[in-house]
Visitor: 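My questions all concern the structure below.
So that the names make sense, note that chain A is the first sequence line, chain B the second, and so on, each numbered from 1. Basis for what follows: all heavy atoms, side chains included, without hydrogens, waters or symmetry-related copies. If you're wondering where the values come from, they're calculated on a predicted model, not measured in any experiment.
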Amino acid sequence: MVTASSTALPAAAVSRLHRTVIDWYRANARDLPWRTADASPWAVMVSEFMLQQTPVKRVLPAYAAWLERWPTPAALAADAPGEAVRMWGRLGYPRRALRLHAAATAITEEHGGEVPTDHAQLLALPGVGEYTAAAVASFAFRQRHAVLDTNVRRVFARAVTGVEYPAQATTAAERRTAVELLPAREETAATWAVAVMELGALVCTARGPECGACPLRAECAWQRAGCPPYEGPARRGQTYEGTDRQVRGKLLAVLRDAHGEVEQARLDEVWHEPVQRARALDGLVADGLVEPVGPGVYRLPV
DNA sequence: AAGCCGTGGCT
DNA sequence: TAGCCAAGGCT
C-alpha cells in the first residue's frame with residue numbers, strides 16, 4: 001500500500017512504485033518537443049511558462065514559433081516586451097509573456113545568457129514559482145526536486161491519500177509526501193517527476209480517470225476505498241463572461257493585431273460599458289501590458 | 001491567503 | 001449545453 005508516512009513504507013515498496021511508474025512512462029509517454037534530447041534549458045523554460053494553465057495542445061504551435069524567433073534568452077531580451085506579448089497570441093494570461101521576457105532579460109544580464117541551473121536562482125526569476133523552478137531544474141538539468149503540479153497532486157491525492165481531489169492550495173503534507181517518494185538517485189528522480197506528471201495527465205485525469213489502464217490500480221488508496229467522490233468545499237468556478245478579464249482580453253486583442261499605435265476610439269468599440277472598459281485598460285497599463293503613447297493613444301510596450 | 005489573471009477544448 | 005478544467009504565479 002502506498003502511504004504518506006515514510007516510516008510505514010518499506011524501501012522495497014517505494015522502489016517498486018518507482019519502477020512501476022517509470023516503466024509505464026517509458027511505454028506510454030507522449031512525444032513532446034520539449035522532452036527531446038536536443039531541447040535546450042531555455043526551450044524547457046519556454047514550455048513551462050506556456051504550460052502554466054494552458055493545455056499542451058494549444059501550446060505546441062506557439063512553442064515552435066516562439067523558439068524559432070527567439071532561440072536564446074538573449075534573442076528575446078533584445079526585442080521589445082510588446083513583441084513577446086504579440087507573439088503570445090491567444091495563449092491566455094498574457095502577463096506570462098511579459099514575465100518570460102523579463103526572465104530572459106535577467107538571464108542575459110545576470111547569468112551570462114545561460115538559464116541558471118541553481119534552484120534558488122531559478123526561483124528568483126520573474127514568473128518562476130515553486131513548480132516551475134523545480135520543473136526546469138528537474139527536466140532540463142536532471143536534478144532531484146519534488147515537482148508538484150496539479151497532475152502530481154491529483155495522483156498523490158488518490159494513490160496515497162485515497163481522496164479524489166487534492167485541496168485547493170498545496171499543503172505541507174503534500175510536499176512531505178512528494179519529498180518522501182522522491183527516488184534517491186538524481187537521474188531516477190528526474191524521470192520519476194516527469195513520469196508521475198504524465199500519469200496524471202493521461203490516466204489519472206481530473207474527470208473520467210482511466211483506472212482500468214492505471215499501473216497503480218492495485219496499490220491505489222482511492223481505488224481500495226471504492227473511489228469515493230470529492231467531499232470538500234465546492235471549488236469556485238471561474239466565471240468569465242462579463243468580467244474584467246474578458247474586457248482586458250478584448251482590448252489586448254485589438255492592440256496585438258494593430259502592429260502600432262491604436263486610437264482610443266478603436267478600443268472603445270470592444271466594450272459598451274465605459275466604467276468597466278476604463279478600469280480594464282487602466283489595469284493593462286498598470287500591468288505593463290499596454291503603454292500610453294499620448295492622450296487617447298496606446299500601444300504594446302516598446 | 002483568497003482572489004485575480006485568458007482562452008478554448010472537452011464532456 | 002454549460003460548466004469544468006488546463007505542466008501557476010503574484011499580491
Visitor: If a stem is a run of at least 3 consecutive Watson-Crick or G-U pairs, both distances under 3.5 Å, which stems include DNA chain C?
Guide: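 The stems that DNA chain C takes part in, listed by first number, are B:2-5 with C:8-11, B:7-11 with C:2-6.
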Visitor: Using the C1' atom as the reference point in each nucleotide, state the distance between B:dA2 and C:dA7 in Å, no decimals.
Guide: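 Rounded to whole Å, the distance is 23 Å.
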Visitor: Roughly how far apart are A:W66 CH2 and A:F49 CZ, rounded to 0.5 Å?
Guide: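 That separation rounds to 9.5 Å.
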Visitor: Ignoring backbone atoms, test whether A:R153 places a side-chain nitrogen or oxygen under 4.0 Å from the OP1 or OP2 oxygen of C:dG8.
Guide: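 For C:dG8, neither OP1 nor OP2 has a side-chain N or O of A:R153 closer than 4.0 Å.
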Visitor: Where the side chain of A:P55 is defined as all heavy atoms beyond and including C-beta, which of B:dG6, C:dA6, C:dG3 is the nearest nucleotide?
Guide: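 The listed nucleotide nearest to A:P55's side chain is C:dA6.
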Visitor: Verify, without hydrogens or angle tests, whether A:E273 (side chain) and A:Q276 (backbone) share a donor-acceptor contact under 3.5 angstrom.
Guide: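 Looks like yes, one N/O pair under 3.5 Å.
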Visitor: For A:W34 and A:P126, find the nucleotide of DNA chain C closest to each by heavy atoms; which residue's nucleotide sits nearer the 5' end?
Guide: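 Comparing both residues, the 5'-ward one is A:W34.
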Visitor: In this structure, how many angstroms lie between the C1' atom of C:dC10 and the CD atom of A:Q52, rounded?
Guide: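 Those two atoms, CD and C1', are 11 Å apart.
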Visitor: Among the candidates B:dG6, C:dC4, C:dG8, find the nucleotide nearest to the side-chain atoms of A:Y131.
Guide: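 Selected nucleotide (nearest to the side chain): C:dG8.
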Visitor: A:F139 near the nucleic acid: base, sugar-phosphate alone, or nothing, with a heavy-atom cut-off under 4.0 Å?
Guide: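 Nothing: the residue A:F139, judged by heavy atoms under 4.0 Å, touches no strand.
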Visitor: Under 4.0 Å, counting only non-hydrogen atoms across every strand here, what does A:G92 touch: a base, just sugar-phosphate, or nothing?
Guide: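 Contact class for A:G92: base.
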Visitor: Judged by atom type as modelled, is there a donor-acceptor pair below 3.5 Å linking the side chain of A:R58 to the main-chain atoms of A:R90?
Guide: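 Such a contact is found between A:R58 side chain and A:R90 backbone.
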Visitor: To the nearest Å, how far apart are A:W88 CH2 and C:dG8 P?
Guide: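 Whole-Å distance recorded here is 12 Å.
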Visitor: Sticking with atom P, work out how far C:dT11 lies from B:dG6, rounded to a whole angstrom.
Guide: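 Pairwise P distance, C:dT11 against B:dG6, rounds to 14 Å.
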Visitor: Would you indicate what A:E130 reaches in the nucleic acid, counting non-hydrogen atoms under 4.0 angstrom: base, sugar-phosphate, or nothing?
Guide: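 Counting heavy atoms under 4.0 Å across all strands, the contact made by A:E130 is with sugar-phosphate only.
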Visitor: Would the base of C:dG8 count as contacting A:T150 through its side chain, where contact means a donor and an acceptor less than 3.5 Å apart?
Guide: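 No, the side chain and the base share no sub-3.5 Å donor-acceptor pair.
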Visitor: So does A:Y93 get a side-chain nitrogen or oxygen closer than 4.0 Å to the phosphate oxygens (OP1/OP2) of C:dG8?
Guide: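 For A:Y93, the contact criterion (side-chain N or O under 4.0 Å from OP1 or OP2 of C:dG8) is not met.
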Visitor: Return the orientation label for the A:H145 and A:H119 ring planes: parallel under 30°, perpendicular over 60°, tilted otherwise.
Guide: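 A:H145 and A:H119: parallel rings.
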Visitor: Can you check whether A:R175 reaches A:E130 side chain to side chain, under 4.5 Å on heavy atoms?
Guide: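 In contact.
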Visitor: Could you check whether A:L32 gets within reach of a base, just the sugar-phosphate, or nothing at all, counting any heavy atom under 4.0 Å?
Guide: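 The answer is base, as A:L32 lies within the cut-off (heavy atoms under 4.0 Å) of a base atom.
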Visitor: If you compare every side-chain N and O of A:Q53 against the phosphate oxygens of C:dG8 (OP1, OP2), does one of them come in below 4.0 Å?
Guide: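 The answer is yes; a side-chain N or O of A:Q53 sits under 4.0 Å from OP1 or OP2.
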Visitor: Below 4.5 Å, heavy atoms only, C-beta onward: do A:V115 and A:F141 meet side chain to side chain?
Guide: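 Side-chain contact under 4.5 Å: yes.
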Visitor: Which part of the nucleic acid, if any, lies within contact of A:F49, taking any heavy atom under 4.0 Å across all strands shown: a base, the sugar-phosphate backbone alone, or nothing?
Guide: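 The residue A:F49 makes no contact with any strand.
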Visitor: I need the A:R154 CZ to A:W222 CH2 distance, nearest 0.5 Å.
Guide: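 Rounded to the nearest 0.5 Å, the CZ-CH2 separation comes to 10.5 Å.
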Visitor: With a cut-off of less than 4.0 Å, is there a side-chain N or O of A:R99 near OP1 or OP2 of C:dG9?
Guide: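 No, outside the criterion.
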Visitor: Among B:dT7, C:dA7, B:dG6, which is the nearest nucleotide to the side chain of A:R96?
Guide: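 For the A:R96 side chain, the nearest candidate turns out to be B:dG6.
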Visitor: Would you please classify the geometry between the A:W192 ring and the A:F156 ring as parallel, tilted or perpendicular, with 30° and 60° separating the classes?
Guide: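 Ring orientation of A:F156 relative to A:W192: parallel.
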Visitor: What nucleotide, of C:dG3, B:dG6, B:dT7, holds the atom closest to the side chain of A:R90?
Guide: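 Of the options given, the side chain of A:R90 lies nearest B:dT7.
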Visitor: Whole angstroms only, please: what is the CG-P distance between A:L91 and B:dG8?
Guide: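 After rounding, the reported distance stands at 10 Å.
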Visitor: Within the modelled atom types, does a donor on one side and an acceptor on the other bring the side chain of A:R58 and the base of B:dG8 under 3.5 Å apart?
Guide: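 No, the side chain and the base share no sub-3.5 Å donor-acceptor pair.
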Visitor: Rounded to whole angstrom units, what separation is found between the CG atom of A:L289 and the P atom of B:dC4?
Guide: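 One finds 18 Å between P of B:dC4 and CG of A:L289, rounded.
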Visitor: Rounded to the nearest Å, what distance is computed from the CG atom of residue A:L251 to the C1' atom of nucleotide B:dT7?
Guide: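 It works out to 15 Å between those atoms.
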Visitor: Report yes if a side-chain nitrogen or oxygen of A:T132 is closer than 4.0 Å to either non-bridging phosphate oxygen (OP1 or OP2) of C:dG9; otherwise report no.
Guide: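 Affirmative; the distance criterion is met.
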Visitor: Quick one: label A:A135 by what it contacts on the DNA or RNA (base, sugar-phosphate, nothing), any heavy atom closer than 4.0 Å.
Guide: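 A:A135: no heavy atom of the nucleic acid under 4.0 Å.
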Visitor: Rounded to whole angstrom units, what separation is found between the CE atom of A:M50 and the C1' atom of C:dA6?
Guide: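 In whole Å, C:dA6 C1' lies 16 Å from A:M50 CE.
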Visitor: Base, sugar-phosphate or nothing for A:R245? Non-hydrogen atoms, less than 4.0 Å.
Guide: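 Result for A:R245 = base.
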Visitor: How close or far is atom P of B:dC5 from atom CD of A:Q246, stated in whole angstroms?
Guide: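 In whole Å, B:dC5 P lies 12 Å from A:Q246 CD.
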Visitor: Atom OH of A:Y165 and atom CZ of A:R153: how far apart are they, to the nearest 0.5 Å?
Guide: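 Spacing of OH (A:Y165) from CZ (A:R153) equals 13.0 Å.
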Visitor: Quick one: A:L252 CG to B:dG6 P, roughly how many Å, whole number?
Guide: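 Atom-to-atom, A:L252 to B:dG6, this comes out as 8 Å.
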